[in-house]
Student: 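This is the structure I want to talk about, given as C-alpha cells.
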Amino acid sequence: MRPWGKGKSLAIAVTGGHTLLFGYLTASGDERFYRDFLMPVARYAIPDGESAHNLSVKACQFKMVPSWQSQSERLKTEVLGMKFKTPLGLAAGFDKNGEAIAGVYKMGFSFAEVGSVTPLPQAGNAKPRVFRLEEDRAIINRYGFNNHGHKIVFRNIKNAFFFRLGPLGVNLGANKTSPNVIDDYVQGLVAFQEVADFYVINVSSPNTAGLRSMQQNDKLRALLTAVLAERQKLRRRIPLLLKIAPDLSMEEKADIARLALETDLDGLVVCNTTVSRPDTLKSKFKDEAGGLSGAPETQLALQAVKDMYRLTQVPIVGCGGISNGRDAYERLRAGASLVQIYTAFSYDGPPLIRRINREIEELLVKDGFSSVQDLVGIDSGKSDVNSSEASSQPLGDIRSHASLQTIAAT
C-alpha cells in the first residue's frame, strides 16, 4: 500500500472513531460532554435563541435525545391524585404546541406542561424576542403566546398519547385581541378535556398587554368563577392550577391566596418570569423588554413559594430559577410539591434532568427523609397544618381572613 493510502485509511479510522465517540456521548447524555462541549458549541453555532429553541423542539419531536428514566423509589410522589416518578417536570413555554412530547418524556421528565395555548393561532410578538444572558445564566423572552391554537395543539397531544410516561398539563392563555378574555380560558377547558391531566390558568405572562391585570382580585374572582363553573360540566374532574407572577406584593399574594381557598382551585404554579432586573445582571441584553428567567430569579421565586405556601398550603408547583438539585430541594422544603425547569435546561441540556434528580435524592438521604412528600413545606411552617387541631379543619378555616392579613403584613 502506498504511504498516502495508509494515511488516508488512518484518517478515516480516526474520524470514524471520533464520530462514534461523539454519537455515543450525545446519545448517552454524558454530563461533562454536554456541559463542557456540546452545549457551548451549540450556543456558538446557533446564536439566535429562538432558532436554538425551535431546533431543540424538533430534536424532541423526533426523539433524537438521550434516554433516561428514574428507578428511584424515594423520588416517587403523588400530588392531586396523580402519580409522579420524580418531582421534576418541564415548565410551559418550551413545548408550546405539543410537538415535543415524545422526547420530553424520553429524557426523563416526570411530567410536562404544554403551552401556553390560545383558542386561535397567533404569531406572537415581533422578532427578535428571545435573548440569552449567558453571563447571568438567564434568558429574557417576549414571545407573546405564539402557538398554533386549540385545534392543532389538541391533535398533537392526542397523537402523542403512547409516548406520555407521566402526567401532562395544558397551560391555557388568551388571544392578544380577544374580545372576551375569560371565555378564552373557558374554551380551553372544553377543548382539552380528553387529553389533559391538569390545567394551568396563565394570567401572569408579562408579554401580553394587560394580562397580568387579571391577577387583580375582582378580575381573578370572575375568571376563576367562570372556569370552575365550566369544569363542573366536564366529563371528568381535571385539576386546575393558577400560575402567578413573582412580582406580586404581599397584599396581592394574600388576595390570591384568599381566592384559592374560597374557590375550588386545586393548586398554584409559582411562578412565571419576572419583569424586575437585578442590579447584578451583566449581559448587554439586560435591558431588553420581556420576562427574565434563570439564575437571577432563583431567590425571588423561592420566596414566592414560601409566601404562597404559608398563605394557602395548597399543592404548589415551584418554577423559576431552578438550576440544580439544591435549588429544587430548597423549593420543595419551601412548600412546592413538584418543581419545573426550563431555562437551565436550555443551558445544560438533557443531562441536567438526571443530575437534578440524583442530587435531590442525595440530599434526601443526607437529611434522613424517606420520600419527597416528607420534605414538602418543612421550611415554611408545615407543622402548622399537621397539628391535631389543624388537621380536623378545612384549609379555608385554617387560613382565615385575619390570619391572611397578619401574614401579608409581615
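Residue numbers run from 1 in the order of the sequence given. In what follows, every heavy atom counts, from backbone to side chain, and hydrogens, waters and symmetry copies are set aside.
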Student: Does the side chain of Y342 reach to within under 4.5 Å of the side chain of S293, using non-hydrogen atoms?
Tutor: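 Sidechains of S293 and Y342: no contact.
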Student: If we ignore angles and hydrogens, is there a donor and acceptor under 3.5 Å between the side chains of N156 and E99?
Tutor: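 E99 and N156 do not have a side-chain donor-acceptor pair below 3.5 Å.
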Student: Nearest heavy-atom pair of A174 and V181: which atoms, and what distance?
Tutor: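 For A174 and V181, the tightest heavy-atom pair comes out as CB-CG1, 3.7 Å.
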Student: Look only at the side chain of R277 and the backbone of E288, and say whether a donor-acceptor pair between them is shorter than 3.5 Å.
Tutor: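 Yes.
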Student: With a 4.5 Å cut-off on side-chain heavy atoms, are L241 and L268 touching?
Tutor: no
Student: Run the salt-bridge test on D255 and R258 with the 4.0 Å N-O cut-off and return the result as yes or no.
Tutor: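 Yes, this pair counts.
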Student: S72 and S70: side-chain donor and acceptor closer than 3.5 Å?
Tutor: no
Student: Is there side-chain contact between L248 and I256, with heavy atoms separated by less than 4.5 Å?
Tutor: yes
Student: Any side-chain heavy atom of R354 sitting closer than 4.5 Å to one from P351?
Tutor: no
Student: Side chain of N147, backbone of V117: donor and acceptor closer than 3.5 Å?
Tutor: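 Here the side-chain-to-backbone pair does not exist.
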Student: When you measure from the side chain of S380 to the backbone N and O of A334, does any donor-acceptor pair fall under 3.5 Å?
Tutor: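 Yes, the answer is positive, given that a donor and an acceptor are paired below the 3.5 Å cut-off.
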Student: Taking the side chain as everything from C-beta on, heavy atoms only, tell me whether S51 gets closer than 4.5 Å to N54.
Tutor: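 Side-chain contact under 4.5 Å: no.
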Student: Do you see a donor-acceptor pair shorter than 3.5 Å between the side chains of S205 and N202?
Tutor: no
Student: Quick one: closest heavy-atom pair of G89 and F109, and the distance?
Tutor: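 Shortest heavy-atom contact: C-CD2, 3.4 Å.
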Student: Output yes when a side-chain donor or acceptor of Y309 lies under 3.5 Å from a complementary backbone atom of I316, and no otherwise.
Tutor: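 Not confirmed, Y309 side chain does not pair with I316 backbone.
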Student: Is the shortest side-chain N to carboxylate O distance from K286 to D279 below 4.0 Å?
Tutor: no
Student: What closest approach, in Å, do T273 and G291 show between heavy atoms, and which atom pair accounts for it?
Tutor: OG1-CA, 3.3 Å
Student: Looking only at non-hydrogen atoms, find the nearest pair between V275 and P206 and report the distance.
Tutor: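 V275 and P206 have their closest heavy atoms at CG1-CB, 3.4 Å.
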Student: Under 3.5 Å, is there a donor-acceptor pair linking the side chains of E78 and Q373?
Tutor: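 Note: E78 and Q373 side chains miss the donor-acceptor criterion.
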Student: Supply the atom-to-atom distance I182 CD1 to E230 CD, rounded to the nearest 0.5 angstrom.
Tutor: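 Rounded to the nearest 0.5 Å, the CD1-CD separation comes out at 12.5 Å.
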Student: Tell me yes or no: between the side chains of S178 and N175, is some donor less than 3.5 Å from an acceptor?
Tutor: no
Student: Is the side chain of T343 donor-acceptor paired with the backbone N or O of A138 at a distance under 3.5 Å, no angle test?
Tutor: no
Student: Quick one: closest heavy-atom pair of A304 and K253, and the distance?
Tutor: CA-NZ, 4.1 Å
Student: Does a side chain donor of either D307 or Q303 reach within less than 3.5 Å of an acceptor in the other side chain?
Tutor: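 Yes - a donor-acceptor pair under 3.5 Å links their side chains.
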Student: Do N324 and E359 make a side-chain contact, defined as non-hydrogen atoms from C-beta onward lying under 4.5 Å apart?
Tutor: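 The answer is yes, as the side chains (C-beta and beyond) meet within the 4.5 Å cut-off.
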Student: What do you reckon, is CZ of R236 surrounded by more than 12 foreign heavy atoms closer than 6.0 Å?
Tutor: yes
Student: Should the pair R137 and Y347 be classed as cation-pi, given the thresholds of under 6.0 Å to the six-membered ring centre and 45° from the axis?
Tutor: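 Relative to the ring axis of Y347, which defines the angle, R137 lies inside both limits.
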Student: To the nearest 0.5 Å, how far apart are CD1 in I46 and CZ in R132?
Tutor: 7.5 Å
Student: Should the pair E362-K366 be classified as a salt bridge under the 4.0 Å nitrogen-to-oxygen rule?
Tutor: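 No, E362 and K366 are not salt-bridged.
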Student: What is the distance from atom CD of Q187 to atom CZ of F192, rounded to the nearest 0.5 Å?
Tutor: 11.0 Å
Student: Drop me the distance from F198's CZ to L338's CG, to the nearest 0.5 angstrom.
Tutor: 8.0 Å
Student: Is the F94 ring parallel, tilted or perpendicular to the F345 ring (thresholds 30°, 60°)?
Tutor: perpendicular
Student: Return yes if some donor-acceptor pair links the side-chain N/O of S110 with the main-chain N/O of T86 below 3.5 Å, else return no.
Tutor: yes
Student: Under a 4.0 Å threshold between the charged nitrogen and the carboxylate oxygen, would K76 count as salt-bridged to E73?
Tutor: yes
Student: Of all residues at least two apart in sequence or in a different chain, which pass the side-chain contact (heavy atoms from CB on, under 4.5 Å) check with K158?
Tutor: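 Listed in chain order: F154, E194, V195.
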Student: Applying side chain to side chain donor-acceptor pair (under 3.5 Å) between Y143 and each of K96, R129, H53, report the one that passes.
Tutor: H53
Student: Does K106 form a side chain to side chain contact (heavy atoms under 4.5 Å, CB included) with I101? I'd like the steps, not just the answer.
Tutor: CA-CA 9 Å; K106 180 183 177 182; I101 292 171; over 6 Å; no
Student: Quick check: does any side chain N or O of N125 sit under 3.5 Å from a backbone N or O of R142, one acting as donor and the other as acceptor?
Tutor: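 Answer holds: yes.
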Student: Please round to the nearest 0.5 Å and tell me the distance separating atom SG of C271 and atom CG of L300.
Tutor: 6.0 Å
Student: With L88, which of I353, L352, I322 fulfils side chain to side chain contact (heavy atoms under 4.5 Å, CB included)?
Tutor: I353
Student: Please check if the side chain of D367 supplies one atom and the backbone of F369 the other of a donor-acceptor pair under 3.5 Å.
Tutor: no
Student: Please say which of V170, D95, N97, I152 ends up in a side chain to side chain contact (heavy atoms under 4.5 Å, CB included) with I157.
Tutor: V170
Student: Taking the six-membered ring for Trp and the full ring for Phe, Tyr or His, determine whether the centres of F111 and F84 are under 6.0 Å apart.
Tutor: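 Yes: the rings meet the under 6.0 Å criterion.
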Student: Of the non-hydrogen atoms in Y185 and V203, which two are nearest, and what is the gap between them?
Tutor: OH-CG1, 3.8 Å
Student: Under 4.5 Å between any side-chain heavy atoms of V130 and I139, yes or no?
Tutor: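 Answer yes - side chains close enough.
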Student: Using atom types as modelled and distance alone, determine if a side-chain donor or acceptor of R231 lies under 3.5 Å from a backbone N or O of D264.
Tutor: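 Yes; at least one donor-acceptor contact below 3.5 Å.
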Student: Under 3.5 Å, side chain of R331 to main-chain N/O of A336, donor-acceptor pair present?
Tutor: no
Student: How many angstroms lie between atom CZ of R74 and atom CG of D374, to the nearest 0.5 angstrom?
Tutor: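 That separation rounds to 10.0 Å.
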Student: Looking at K284 and E134, is any side-chain nitrogen of the basic one under 4.0 Å from a carboxylate oxygen of the acidic one?
Tutor: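 So E134 does not pair with K284 through a salt bridge.
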Student: Side chains of K176 and Q122: donor-acceptor distance under 3.5 Å anywhere?
Tutor: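 Distance-only check fails for K176 and Q122.
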